[in-house]
Participant: 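Can you keep this structure in mind? I'll have questions shortly.
Atom set for the values below is all heavy atoms of this structure, side chains included, hydrogens, waters and symmetry mates excluded.
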Amino acid sequence: MEDQSQGSPSLLQVLKNAVPHALVTDPSHLDEASADKSGQRSAGPPLCVVEARSIADVSEVLKIATAYRVPVVTRGGGSGLAGGAIGSPGEIVLELTQMNTIREISRENRWAVVEAGVINHDLNVAAKKEGLWFAPDPASRQWSTVGGNIATNAGGLLCMKYGVTREAVLELTIVLANGQVMTVGRKSVKGVTGYDLAALMVGSE
């Protein structure tokens, strides 16, 4: 694998060609991506922000980042308190807030299929119409994303009764560092064969 300079204009050009609708280099947006609710701030702005709109966007960015050996920081609502969503110089911030579609809510199966950028509170508002709810209730639920809840295995006061986010996740579509897309888990409450790869991914931040 050829090592390329992290600040190389050619990398930005490749990203611009691959995801022209999603690439952001505006200084104010880069500055925002340099901090989160932890109060920490990086030494400088990241190389760029990519506002992914689809799994295909995520896959393309990770393929390019792997080829150029550039670190990628995944970011949702920026509500974390551990500094996990802070972009630093030379890094790509992969922002998922634009992937905010609730694809399905099934009363019969008691599941929801959502994109990573859906706000925790918005999912609960939609689920309530079907007589359901999403039990994880981090203090940041008004602005934190479901993807962020999963990445940090978020809890909240209700976790004493209903468990943390891991207990509320059945199936995940994930993108590996090389851009490969995989589905892990299963759409059933009972799943007792094989490795529990979905549980492995929850809390992976």
Participant: In terms of side-chain heavy atoms, does Asp36 have a donor or acceptor partner in Gln40 at a distance below 3.5 Å?
Facilitator: no
Participant: Roughly how far, to the nearest 0.5 Å, is OG1 of Thr97 from CZ of Arg53?
Facilitator: 8.5 Å
Participant: Do the side chain of Asn153 and the main chain of Arg166 share a donor and acceptor less than 3.5 angstrom apart?
Facilitator: yes
Participant: From Glu91 CD over to Ile86 CD1, what is the distance, rounded to the nearest 0.5 angstrom?
Facilitator: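 If we round to the nearest 0.5 Å, Glu91:CD and Ile86:CD1 are 10.0 Å apart.
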Participant: Looking at Asn120 and Pro136, what are the two nearest heavy atoms and their distance?
Facilitator: ND2-O, 3.3 Å
Participant: CG of Leu176 to CG of Leu62: how many Å apart, nearest 0.5 Å?
Facilitator: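 Interatomic distance, Leu176 CG to Leu62 CG, rounded to 0.5 Å: 9.0 Å.
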Participant: What is the minimum heavy-atom distance between Ala33 and Val49, and which atoms define it?
Facilitator: CB-CG2, 3.9 Å
Participant: Determine the minimum heavy-atom distance between Ala126 and Ile102, stating which atoms define it.
Facilitator: CB-CD1, 3.8 Å
Participant: With a 3.5 Å distance limit and no angle check, can you tell me whether Thr66 reaches the backbone of Ala177 through a side-chain donor-acceptor pair?
Facilitator: yes
Participant: So do the side chains of Ile55 and Val181 get within less than 4.5 Å of each other, counting heavy atoms only?
Facilitator: yes
Participant: Whether the side chain of Ser38 engages the backbone of Leu81 through a donor-acceptor N/O pair (distance < 3.5 Å, no angle test) should be reported.
Facilitator: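 Side chain of Ser38 to backbone of Leu81, a donor-acceptor pair under 3.5 Å: no, none is there.
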Participant: Could you measure the distance from the OG1 atom of Thr145 to the CG atom of Leu123? Nearest 0.5 Å is fine.
Facilitator: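 Separation between the atoms: 11.5 Å.
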Participant: Does NZ or CZ of Lys187 fall inside the cone over Trp111's six-membered ring, less than 6.0 Å from its centre and within 45° of the axis?
Facilitator: yes
Participant: Quick one: does any side-chain atom of Asn149 pair with a main-chain N or O of Ala154 as donor and acceptor, under 3.5 Å?
Facilitator: no
Participant: I'd like to know if the side chain of Glu115 and the backbone of Thr101 have a donor-acceptor N/O pair within less than 3.5 Å.
Facilitator: yes
Participant: Within this structure, what is the CD1-CZ distance for the pair Ile105 and Arg110, rounded to the nearest 0.5 Å?
Facilitator: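 Reported to 0.5 Å precision, the distance equals 14.5 Å.
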Participant: Keeping Arg41 on the side-chain end and Ser34 on the backbone end, is there a donor-acceptor pair under 3.5 Å?
Facilitator: no
Participant: Checking the side chain of Glu130 only, and the main-chain atoms of Ala127 only, is there a donor and an acceptor separated by less than 3.5 Å?
Facilitator: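 Checking the backbone N and O of Ala127 against the side chain of Glu130, no donor-acceptor pair under 3.5 Å is found.
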Participant: Do Leu11 and Val58 sit in the same hydrophobic cluster, where Ile, Leu, Val, Met, Phe, Trp and Tyr count as joined when their side-chain heavy atoms come under 4.5 Å apart?
Facilitator: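 Yes; Val58 is reachable from Leu11 via cluster members.
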Participant: Is a side-chain donor or acceptor of Arg75 paired with a backbone partner of Glu95 at a separation under 3.5 angstrom?
Facilitator: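 Flag not set: sc Arg75 to bb Glu95 has no pair under 3.5 Å.
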Participant: When you check the gap from the basic side-chain N to the acidic O, do Arg141 and Asp122 get nearer than 4.0 Å?
Facilitator: no
Participant: Provide the full list of side-chain hydrogen bond (donor to acceptor under 3.5 Å, both in side chains) pairs with a residue in residues 191-205, sequence neighbours left out, each pair given once.
Facilitator: none
Participant: Can you see which heavy atom on Val164 is nearest to which on Cys159, and at what distance?
Facilitator: CG1-CB, 3.9 Å
Participant: Are Leu47 and Leu30 in one and the same hydrophobic cluster, where Ile, Leu, Val, Met, Phe, Trp and Tyr link if side-chain heavy atoms are under 4.5 Å apart?
Facilitator: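 Different clusters: Leu47 never reaches Leu30 through Ile, Leu, Val, Met, Phe, Trp or Tyr contacts under 4.5 Å.
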Participant: Between the side chains of His21 and Glu51, does any donor sit under 3.5 Å from an acceptor?
Facilitator: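 No, because no side-chain N or O of His21 sits under 3.5 Å from a partner of the opposite role on Glu51.
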Participant: How long is the gap from NZ on Lys37 to CH2 on Trp143, to the nearest 0.5 Å?
Facilitator: 6.0 Å
